[in-house]
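Single-structure report; data block below.
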Amino acid sequence: MNPVAFVLGRWLFGGCCFCKATPFQLSRPVNHLYLYSNRYSHNSSRRASLGRRNISLAPIIMAAYREEPSNFIVKNRSRFLKYFSDTKDISLATNIDVLVKEDLEKYLESQSSSLRAWLHSNSFVPCKGKETNWIAVPSENFPGKIEKLVVVLGDGSSFGGCRWMGFACLPTGAPAGLYKLGFVSEKVVEQGFTSTRAAFAWALGAYTFPIYKGTSGGKDNSVVSERTPDPAFLPVLIWPSDCDRSLVESCASATFLVRDMISTPAEDMGPAAVENTARLLAEEYPGATVRSVIDEALIKENFPQIYMVGRGASNRNRARLIELVAGEPNQPTVCLLGKGVSFDSGGLDIKSASGMRLMKKDMGGAAHALGVASMILSSKLPIHLRVIISAVENAVDGESYRPGDIIKARNGLTTEVCNTDAEGRLILADALVYGCEFSPQLIVDFATLTGAARVALGTDVAVFFSNNDQFAEKLGEAAFQVDDPVWRLPLYSGYRSQLDSKLADLKNIGEGSAGGYGGAILAALYLKEFVSCSIPWIHFDIMAYNVASKPGKPEGGEAMGMRAVFRLLQSKYGSASHPGMI
Ligand SMILES: [Zn+2]
């Protein structure tokens, strides 16, 4: 864009044209400008084009705001604790009886006639097998109080048959009050319902994304971060005595972290905010360290593809490699990699408006890597963990890399860029080569990589690839155990020749008559070129977003395959005496 038009546009049209946040900016204190100048301007000698970017005041003032979401996300990822109580005094708590439709009749036989009459008069017939139905039964002895909740779990068809997730409808639906698990039918137990899973579903059901909503729940973190449960205002569950509470807290807070990161707009979750999130997370675990390699340092440290893809982004969204390391060097090394494209415009091969609409989620892989890391760290799995995140914004600019450019990866392989929208594989390639240099026992990468994976398996099932059948099988078993759906696609070598280039070692997409088919496999085959064949590798191609709401899974960012990977690591490296799982 013409710089003069850019600046004029900002002054003339303000929030309507170029910047959505003008009302905010005008209300922010002036010292944010000072904060920004101190923090960023000393890094700003890279490009001549930088000058024009700093002329406009709007992005400068917003910069101070951008630190808040990552602080909020890390510090408040256990905010579901508001919906749980430690109290030992269960006398005042309301029972939640849990059934499935098949045993409702038998259950009613053992209940009082007034309860049966109440259900009858309310036409409580859970006929819609899909949905979980529940009803509050009034107390006979204490008018105005609830005697119990009767919950009939649905058939789980909206969760691929997982019925216990239906319990997640209660935190947002049930009346405020103190609850405890009451009668749980045998058939419900047979469906995999445990007190640990009930608590996890309850925690997920409590998820909302409050950062931008309203005034009280918005920027005032103190309101949202309040963890004290108050049954006068919320449904609060007493932790079941036989529940694996630490596992619930670990899994749920990792899920909250991932969802929050993905749902945060790109304006506030750029590469720097992803790094800040990693740093804040690491601060909570002694011994965990984070370093980053930013912008031209990427060239010096030989991450050229990350640099090239991120070169078109503005100064405040400079490309970086983020590395979190934890654990002892004598422990088995596991590398978790994440694609962190904070916003994917497609680059010069720009996406359509509808194709770009959800692209704030393109850092979902980075969020997943940090989510699994937080589970490993909080459960103290004996792993030497190395999280490697390639964080860039794929932007349109005079500095953007171009179709036809030939770029060289960390291992020296050259790639002809046939489409700048196939950028995720380029930045992951450098991270994979780097990860292999530590000879890990396993590399897992997470990436919102291709639309083709969604075409193949839809939005709910996490696609994965692996060069190691043993690990792939174990991952499939783990996913089944924890009801976290994944499906393996093949690294079919017959398609590999589609990535041959006349000018370079590889192309970044398949072109020609076969182009457009098998895109997820081609992306995985491209990545495979950067993995040492002796190192077991799992590559996830995930949606990382719920396009519609279900109980416990509201529309927005979502963790997919994360519990499956954790279960895999837990079964391989965890202690046999603590085999808890969700
Ligand atoms: Zn893309």
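This structure is a prediction, so every number in the text was calculated from the model and none was measured. Whatever order the structure lists ligands and atoms in, that order sets their numbers, starting from 1.
Between Arg318 and Glu296 there is no salt bridge, since no side-chain nitrogen of the basic residue lies less than 4.0 Å from a carboxylate oxygen of the acidic one.
Within Asp344, the N/O/S atom positioned nearest the Zn ion (ligand 1) carries the name OD2. When distances from the Zn ion (ligand 1) to the N, O or S atoms of Glu423 are compared, OE1 comes out shortest.
Residues in residues 254-266 take part in these salt bridge (charged side-chain N to carboxylate O under 4.0 Å, His left out) pairs, two or more places apart or across chains: Arg79-Asp260, Arg259-Glu558.
For the Zn ion (ligand 1), the N/O/S atoms of Asp421 include one lying under 2.8 Å.
A 4.5 Å side-chain heavy-atom check between Phe540 and Leu475 finds at least one atom pair inside the cut-off.
Applying the 6.0 Å contact sphere to NZ of Lys550 captures more than 12 heavy atoms from other residues, nucleotides or ligands.
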